[in-house]
Amino acid sequence: MEQEIYEVDKLNILDCDKLKFSQEESGYLTLEYEGFTYHKVNPTRLIPFHSKNEYISVNYENEEKEFREVGVIRSLEDFNDEKQKKLLSDYLEYKYHMPEITKVYSIRDNMQGAIFVKADTTCGSKTICITDWYQNFRLRDGCYLYINDADGNKYFCPDVYKLGKKDIRILENYI
């Protein structure tokens, strides 16, 4: 078996013309790159809040269950092959699916470390349970609300100040 060489302090920008992704029946992606085949690769947005299509890490687990990075795709726009670009883009959209919050009706604190937010989202009406709300109910850049619920689902509101006045009053105590 060939010895795996792995350098942790080197940023390896991938050549998009040499990347060949394919989707397995399980939904995982396989990558062929420079003579190597990587199974169950995990594309990850390195700057998910600010850049959906730039700086995407392509990583996998080796046989010893250790994290390994193949490299970084600078931009999806670097792909000349539209099918490859679409496959990767669709995978990232699925992985990072985040319904948008469009209205907030109420926030209830159960006084045991969780809050329950009744809201409308682009995926319907939800009651979102948030534990450790100080960490998982965050206002970023002064107006972008990011929520990570108790089940690991993520929600966002791009600008809370574009919600109604009543919604803002409900949110005031928590943001």
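Since we're looking at a predicted model, the values are computed, not measured.
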Are [Y] and [X] co-members of a hydrophobic cluster defined by side-chain heavy atoms under 4.5 Å apart?
X    : Y    : result
Y161 : L163 : yes
L29  : F36  : yes
I107 : L139 : yes
L87  : Y96  : yes
Y144 : I128 : no

Taking C-beta and beyond as the side chain, do [X] and [Y] meet within less than 4.5 Å on heavy atoms?
X    : Y    : result
L88  : F79  : yes
D149 : F116 : no
Y105 : D120 : yes
F137 : L171 : yes
C123 : H97  : yes
D167 : V160 : no
Y155 : E100 : no

Discussion item. Can you tell whether the side chains of E61 and K40 come within less than 4.0 Å, N to carboxylate O?
Written reply: no
Discussion item. I'd like to know if R45 and E93 make a salt bridge, using a cut-off of under 4.0 Å between side-chain N and carboxylate O.
Written reply: yes
Roughly how far, to the nearest 0.5 Å, is [atom2] of [Y] from [atom1] of [X]?
X    : Y    : atom1 : atom2 : result
I115 : C129 : CD1   : SG    : 9.0 Å
M98  : T122 : CE    : OG1   : 10.0 Å
S57  : I47  : OG    : CD1   : 12.0 Å
E32  : L19  : CD    : CG    : 11.0 Å
L76  : D78  : CG    : CG    : 8.5 Å
E69  : L14  : CD    : CG    : 8.0 Å

Practice prompt. Start with the C-alpha gap between K85 and E77, add the side-chain angles, then the distance that decides, and say whether side-chain contact (heavy atoms from CB on, under 4.5 Å) holds.
Written response: CA-CA 8 Å; K85 179 180 176 179; E77 297 306 315; 3.0 Å; yes
Item to complete: Decide side-chain contact (heavy atoms from CB on, under 4.5 Å) for N42 and K95; before the verdict, give the C-alpha distance in whole Å, the side-chain angles of both, and the deciding distance to 0.1 Å.
Response: CA-CA 10 Å; N42 183 24; K95 178 179 178 180; 2.7 Å; yes
Fill in: Contacts of type side chain to side chain donor-acceptor pair (under 3.5 Å), residue N148, not counting sequence neighbours
none
Worksheet item: What pairs with T121 under side chain to side chain donor-acceptor pair (under 3.5 Å), at least two apart in sequence or on another chain?
Response: none
At their closest point, which heavy atom of [X] faces which heavy atom of [Y], and how far apart are they?
X    : Y    : value
P43  : L92  : O-CD2, 3.7 Å
D109 : A114 : OD1-O, 3.3 Å
H39  : T37  : NE2-CG2, 3.7 Å

Practice prompt. Please lay out, stage by stage, how D15 and Y33 fare under the test side-chain hydrogen bond (donor to acceptor under 3.5 Å, both in side chains).
Written response: CA-CA 9 Å; D15 181 350; Y33 184 68; 5.9 Å; no
Fill in: Side chain N136, main chain A150, donor-acceptor under 3.5 Å
no
Discussion item. Determine whether Y146 and K154 satisfy the following criterion, side-chain contact (heavy atoms from CB on, under 4.5 Å), listing intermediate values before the conclusion.
Written reply: CA-CA 7 Å; Y146 169 77; K154 294 165 179 51; 3.3 Å; yes
Worksheet item: Would one find more than 12 heavy atoms of other residues, nucleotides or ligands at under 6.0 Å from atom NZ of K118?
Response: no
Discussion item. Does I73 form a side-chain contact (heavy atoms from CB on, under 4.5 Å) with C16? I'd like the steps, not just the answer.
Written reply: CA-CA 7 Å; I73 297 169; C16 291; 3.7 Å; yes
